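Shown next, in structure tokens, is the structure this report addresses.
Values in this document were obtained by computation on a predicted structure and should not be read as measured data.
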Amino acid sequence: MKKHEIDYITVRGFKSIAAIEKLELGPINIIIGANGSGKSNFLGVFSFLHAIREGRLNSYVREAGGAGNLLHFGTKVTKEIIIELSFEDQVNQYEIALRPDSEDNLYPDREITKFWDKAKYSKPYETFLQARNGGTEAGISNPKSQGIADWIRTRLGRWRLYHFHDTSSSSPLRKTAQLHDNQFLRYDGSNLPAFLYLLKEKHPDSYKLICKAIRLAIPFFEDFNLVFDPLNPEFIRLAWIHKGSDKYFGASALSDGSMRFIALTVLFLQPEEFRPSIIIVDEPELGLHPSAITILASLIKQVSFETQVIVSTQSALLLDHFEPEDILVANRENESTVFRRLDPKDLEEWMEDFSLGQLWEKNQFGGRPE
């Protein structure tokens, strides 16, 4: 198995998270918890880091409503946000501390990259990064970064948190896309037809595998018919062919669950060269038939051999397909989010008679409303 991307993450002072210290992440990380436990806030840490890397710290803070809305219980309670990451068994590390200013923005107070040659040294070598744009943006956003900073910057740039929740008639998933918007699958699937067209033309094996997986959940689906706009060939829309027929239908003819499953299948079965270094998905099971959830679990397991996966879920059925060590339980304690990874030994006797999902529903290991 390929070594997973992140060994551990530390988060202090971010939204509902007062302090999570060196939370270990494995190849598969299925996050469960009650509404309001902080699952989405934890996933939001990765979006936050991606925005920092892109040089959008200021815009992220403004969109959140100011620094006070990002700091744990506001600026009067929390003075800084700290995020630390460890890669490749602590060989490469990154740390950033952000503080609020008088205008309710956040600025990088300190930012450090670390490299640790454990065979030669007892502690890592540290490099302090210089903030950019007058001290308002993080040094990791510098496109001319070198050495460990460039290595870390590359990885932060390949993380994406995917939301396929919107499958309405005006959803980005159902709209036309620019043909050449195909460098990667966007977080909301808005370029799905363009990305599928690229795979069909340049990566036919992956494209065929995607279609085969879709047929398992949508038996009447035969293939995609990726149609160019007759008035503007620079745009392409999603259509599909009904099995046993030469008729094709637009994306509007697909149910919400079918549309979402198609996007998830493309996400998990795309070629590795396009795939994010970490796939992060918030509640992918929404609207899926139980049989489709079973297939989704298989896709997650398959891709985890090459790519780290972080998924939040409310589905006991999805939980049934994984092992206790894959599960992170989020609870709210003393008004703060805490995480605990399940220990198989603690559940050994219980799992002789019950599935993991059933034990969760029985509140055997937390992650349920109190």
Problem - Shared hydrophobic cluster, F115 / L156 (ILVMFWY, side-chain heavy atoms < 4.5 Å) - result: yes
Exercise for the section: Look at the side chain of R340 and the backbone N and O of F365, then say whether any donor-acceptor pair between them is shorter than 3.5 Å. Expected result: yes
Practice task
Report yes or no: does S206 contribute a side-chain atom to a donor-acceptor pair with the main-chain N or O of Q270 at less than 3.5 Å?
Solution key: no
Problem - Point-to-point distance, once rounded to the nearest 0.5 Å, from CG of D223 to NZ of K208 - result: 10.0 Å
Problem - Where G135 and Y107 come nearest, the two heavy atoms and their spacing - result: O-CB, 3.6 Å
Exercise for the section: Decide if the gap between the ring center of F87 and the ring center of W151 is smaller than 6.0 angstrom. Expected result: yes
Handout entry: Residues, nucleotides or ligands: over 12 heavy atoms within 6.0 Å of Y187 OH
Key = no
Handout entry: Side chain N29, main chain V309, donor-acceptor under 3.5 Å
Key = yes
Handout entry: Heavy-atom pair with the smallest gap, counting every atom of L199 and P271
Key = CD2-CD, 3.6 Å
Handout entry: Between CZ on residue R260 and OG1 on residue T265, distance to nearest 0.5 Å
Key = 12.5 Å
Exercise for the section: Answer with yes or no whether the side chains of S336 and N334 bring together a donor and an acceptor at under 3.5 Å. Expected result: no
Exercise for the section: Please examine the side chains of Y60 and N58, heavy atoms only from C-beta on, and report whether any two atoms are closer than 4.5 Å. Expected result: no
Exercise for the section: Return yes if a side-chain donor-acceptor contact under 3.5 Å exists between S37 and N331, otherwise no. Expected result: no
Exercise for the section: Answer with yes or no whether the hydrophobic clustering places V303 together with L216; edges join I, L, V, M, F, W, Y residues whose side-chain heavy atoms lie under 4.5 Å apart. Expected result: yes
Exercise for the section: Kindly indicate, with the supporting measurements, whether the criterion side-chain contact (heavy atoms from CB on, under 4.5 Å) is fulfilled by L98 and F14. Expected result: CA-CA 10 Å; L98 301 154; F14 182 77; over 6 Å; no
Problem - F268 ring center near Y162 ring center (under 6.0 Å) - result: no
Practice task
Using modelled atom types only, decide if a donor and an acceptor are shared between the side chain of K15 and the backbone of S40 within a distance under 3.5 Å.
Solution key: no
Problem - CD/E201: more than 12 non-hydrogen atoms of other groups inside 6.0 Å - result: yes
Exercise for the section: Mark yes or no for whether S245, through its side chain, and I241, through its backbone, hold a donor-acceptor pair below 3.5 Å. Expected result: no
Problem - Any donor-acceptor pair under 3.5 Å from S312 side chain to E283 backbone - result: yes
Practice task
Please state whether the rings of F195 and F274 are parallel, tilted or perpendicular, taking 30° and 60° as the class boundaries.
Solution key: perpendicular
Practice task
Quick one: pull up CG in L317 and CD in E361 and give me the separation to the nearest 0.5 Å.
Solution key: 9.5 Å
Practice task
For residues Q364 and W350, determine if any side-chain heavy atom of one lies less than 4.5 Å from a side-chain heavy atom of the other.
Solution key: yes
Handout entry: Candidate pair N92 and R155, rule side-chain contact (heavy atoms from CB on, under 4.5 Å), full reasoning
Key = CA-CA 11 Å; N92 298 310; R155 271 137 190 87; over 6 Å; no
Handout entry: Check: M351 and L356 side chains under 4.5 Å, non-hydrogen atoms
Key = yes
Handout entry: Under 3.5 Å side-chain donor-acceptor pair for N191 and Y197
Key = no
Handout entry: N133 CG to L57 CG distance, which is reported to the nearest 0.5 Å
Key = 10.0 Å
Exercise for the section: Identify whether the distance between the nearest side-chain nitrogen and carboxylate oxygen of E21 and R12 falls below 4.0 Å. Expected result: yes
Handout entry: Euclidean distance, T75 OG1 relative to L106 CG, rounded to 0.5 Å
Key = 10.0 Å
Handout entry: Atom pair CD1/CD1 of I17 and I81 - distance to nearest 0.5 Å
Key = 10.0 Å
Exercise for the section: Measure centre to centre between the rings of W240 and F220, then say whether the value is under 6.0 Å. Expected result: yes
Problem - Atom of A97, atom of I82 and distance for their closest heavy-atom approach - result: CB-CG1, 4.1 Å
Exercise for the section: For the pair T313 and F322, evaluate side-chain contact (heavy atoms from CB on, under 4.5 Å) and give the outcome as yes or no after the intermediate values. Expected result: CA-CA 12 Å; T313 184; F322 294 95; over 6 Å; no
Practice task
Give a yes or no on this: more than 12 heavy atoms of other residues, nucleotides or ligands lie within 6.0 Å of atom NZ of K202.
Solution key: no
Practice task
Kindly say whether W159 contributes a backbone atom to a donor-acceptor pair with the side chain of H50 at under 3.5 angstrom?
Solution key: yes
Practice task
Go through the steps for N35 and Q314 under the test side chain to side chain donor-acceptor pair (under 3.5 Å), then give the verdict.
Solution key: CA-CA 9 Å; N35 290 332; Q314 297 278 21; 2.8 Å; yes
Handout entry: Same apolar cluster: I210 and L192, side chain cutoff 4.5 Å
Key = yes
Problem - Heavy-atom closest contact (D320 atom, Q358 atom, distance) - result: OD1-N, 4.1 Å
Handout entry: For T307 against P276, the heavy-atom pair lying closest together
Key = CG2-O, 3.2 Å
Handout entry: Pair E95 + R110, salt bridge at N-O below 4.0 Å
Key = yes
Handout entry: Short N-O contact, E24 and R341, less than 4.0 angstrom
Key = no
Practice task
Take atom CZ of F184 as the centre, draw a 6.0 Å sphere, and report whether it contains more than 12 heavy atoms from other residues, nucleotides or ligands.
Solution key: yes
Practice task
For Q308 and E5, indicate whether the former's side chain and the latter's backbone hold a donor-acceptor pair under 3.5 Å.
Solution key: yes
Exercise for the section: Measure the shortest side-chain to side-chain distance between L238 and M259 over non-hydrogen atoms and say whether it is less than 4.5 angstrom. Expected result: yes
Problem - More than 12 heavy atoms of other groups within 6.0 Å of E126 CD - result: yes
Exercise for the section: For atom NZ of K118, decide whether the heavy atoms of other residues, nucleotides or ligands shown that lie under 6.0 angstrom number more than 12. Expected result: yes
Practice task
Group every Ile, Leu, Val, Met, Phe, Trp and Tyr by side-chain heavy-atom contacts under 4.5 Å, then state whether L49 and V281 land in the same group.
Solution key: no
Practice task
Determine yes or no for a side-chain-to-main-chain donor-acceptor pair under 3.5 angstrom, with D7 supplying the side chain and D89 the backbone.
Solution key: yes
Exercise for the section: Please work out whether the ring planes of H165 and H163 are parallel, tilted or perpendicular, with thresholds of 30° and 60°. Expected result: perpendicular
Handout entry: Transitive ILVMFWY side-chain link I280 to F48, under 4.5 Å
Key = yes
Handout entry: Considering all heavy atoms, the nearest A64-L70 contact
Key = CB-CD2, 3.7 Å
Exercise for the section: Could you tell me whether D166 and R174 have a side-chain N and a carboxylate O separated by less than 4.0 Å? Expected result: no
Handout entry: Evaluation steps, side-chain contact (heavy atoms from CB on, under 4.5 Å), between L264 and L288
Key = CA-CA 11 Å; L264 288 165; L288 297 189; 4.1 Å; yes
Practice task
Without swapping roles, check the side chain of N142 against the backbone of G139 for a donor-acceptor pair under 3.5 Å.
Solution key: no
Exercise for the section: May I ask you to decide whether R275 forms a salt bridge with E306, counting only side-chain N to carboxylate O separations under 4.0 Å? Expected result: yes
Practice task
Taking atom CD of E273 as the centre, report whether more than 12 heavy atoms of other residues, nucleotides or ligands fall under 6.0 Å from it.
Solution key: yes
